[in-house]
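Data block below; observations after.
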Amino acid sequence: MATGEDKVGNEGATFMGVSMKHLSLLILLLQNSTLVLMMRYSRVNVDPDQPMYLASTAVFFAELIKLLACVLVLAYKTKSIPRTFYILRKDIVDQPQEILKMLVPSGLYALQNNLLYVALSNLEAATFQVTYQMKILSTAVFSVMMLNRRLTRQKWFALCLLMVGVTLVQLQNVGSKVSTVVVDSKEEDEFSSDGLDGGMGDELGDAGMVGDIVDEETGPVQNPFIGLVAVLTSCVSSGFAGCYFEKILKGAEADMWVRNIQLGLSGALFSFLAMFYDRQRIFEGGIFQGYTAMTWVVVANQALGGLLVAIVVKYADNILKGFATSLSIIISGIISVYFFDFEPSIQFQLGTLVVICSTYLYGRPDSAVPGFIRPTKK
């Protein structure tokens, strides 16, 4: 918990002459926008000469990069390699029970990261960006249930607005079934959906994921319903994992980077197990099948972007974070129109406006009680 002095210090902090508050806004904005847009682009811009990369392998490599980055940051902080190894042995090797505590949140985060690829394979970036704000609702509900928090009427009203806004946005997809995404190539390889990246197995029939079922003339196939289920499941997973993580860390004094390493070890394990769903395709095409420069940029962004946000987020209050989220939604919508041929309906535009307002309202400090109502001390 930051003290008053910490907050004052954070307000005046600068980096190369730039206010850390403004820098944190820029970083939050770039992270929220670029990851979604680049992930969407990597899933629909299919090279005709190679298959789509597997989401399960991308998540696994992201966990490995994140783990390595945390170790390097810890070594930088300690400024001593022997000291770093001592901390790793003391807090990780000698305390396996601490890693066991991370199994639940790390497993849920691994599921969430895989579902993000599924969602963005089937939803426009702007639609995903708006719908993904439902994680605010799931986090709020789980915080009441697990952390015994109380929400004010203002926050409950904001959550109701959020549900209305997301419902309006999803009306654009009502009646939409399986569609195709037009890409630069005219012919694509077709391969069956198998495993987590393939989208719920053979039960889906023709409603496959982008990159798993490809129309030879028009491009990858997408199904908005599957995308909606994936993003809503991801929201629930994110909300529960976040509250569970906060609950088990209450009162703990371990270094943030040590906790991230513990979380990364468990996450890498679950991500590795998830690749078994794609084992047949990995055996046939290799673990790096379909990888391009853009794929590695997406993997690095997913791995390092979250850590970067964790560093600067202490300089940003709730209003600033809500502002960054709102701007990222607008940017995603504009770019989707020009680069992904997205045509937003009136319901989508209205729903987006409602979601932006609800996000701002939820992060806004509760109104102070008027002075004439507050009891006076005698």
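For clarity, every value in this text was computed on a predicted model and none was experimentally measured. For the single chain, residues carry numbers from 1 onward in sequence order.
Under the 30°/60° scheme for interplanar angles, the aromatic rings of Phe245 and Tyr109 are found to stand perpendicular. Using cut-offs of 30° and 60° for the angle between ring planes, the Tyr244 and Phe240 rings count as parallel. Classification of the Tyr53-Tyr117 ring pair by plane angle, with boundaries at 30° and 60°, yields perpendicular. Taking the six-membered ring for Trp and thresholds of 30 and 60 degrees, Phe61 and Tyr291 have ring planes more than 60 degrees apart, a perpendicular arrangement.
Annotation: Phe272 is in aromatic contact with Phe276 [ring centroid separation under 6.0 Å].
Taking the side chain as every heavy atom from C-beta outward, Leu269 and Leu265 never approach each other to under 4.5 Å.
Each of Ile331, Leu123, Ile329 was evaluated against Gln129; a single residue qualifies, Ile329, per the side chain to side chain contact (heavy atoms under 4.5 Å, CB included) test. The side chain to side chain contact (heavy atoms under 4.5 Å, CB included) test with Val118 singles out one residue from Asn114, Asn122, Leu120, and that residue is Asn122.
In terms of modelled atom types and a separation under 3.5 Å, the side chain of Ser143 and the main chain of Ala140 share a donor-acceptor contact. No donor-acceptor pair under 3.5 Å is formed between the side chain of Lys66 and the backbone N or O of Leu304. Remark: side-chain polar atoms of Thr57 are paired, donor with acceptor, to backbone N or O of Leu54 under 3.5 angstrom. Without hydrogens or angle criteria, Ser237 side chain to Thr233 main chain gives no donor-acceptor distance under 3.5 Å. A donor-acceptor pair under 3.5 Å links the side-chain atoms of Ser336 to the main chain of Ser332, judged by distance alone. Remark: side-chain polar atoms of Gln133 are not paired, donor with acceptor, to backbone N or O of Val130 under 3.5 angstrom.
Considering all non-hydrogen atoms of both residues, Lys247 and Met146 come closest at NZ-O, 3.2 Å. For the residue pair Ser271 and Glu63, the shortest heavy atom distance occurs at OG-CG, 3.5 Å. When every heavy atom of Cys243 is checked against every heavy atom of Leu147, the shortest pair comes out as O-CD2, 3.9 Å.
Remark: Leu232 CG to Leu137 CG distance equals 10.0 Å, nearest 0.5 Å. Here Ile330 contributes atom CD1 and Leu29 contributes atom CG; the two are 10.0 Å apart, rounded to the nearest 0.5 Å.
Looking at residues two or more places apart in sequence or on another chain, you find a side chain to side chain contact (heavy atoms under 4.5 Å, CB included) between Leu72 and Leu68.
Asn301 and Thr34 are linked by a side-chain donor-acceptor pair at a separation below 3.5 angstrom, with hydrogens and angles left out of the test. Under the 3.5 Å distance criterion, with hydrogens and angles disregarded, a donor-acceptor pair is assigned to the side chains of Thr131 and Gln170.
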Thr295 vs Thr292, side chain to side chain donor-acceptor pair (under 3.5 Å): CA-CA, chis, key distance, verdict: CA-CA 5 Å; Thr295 307; Thr292 63; 3.2 Å; yes
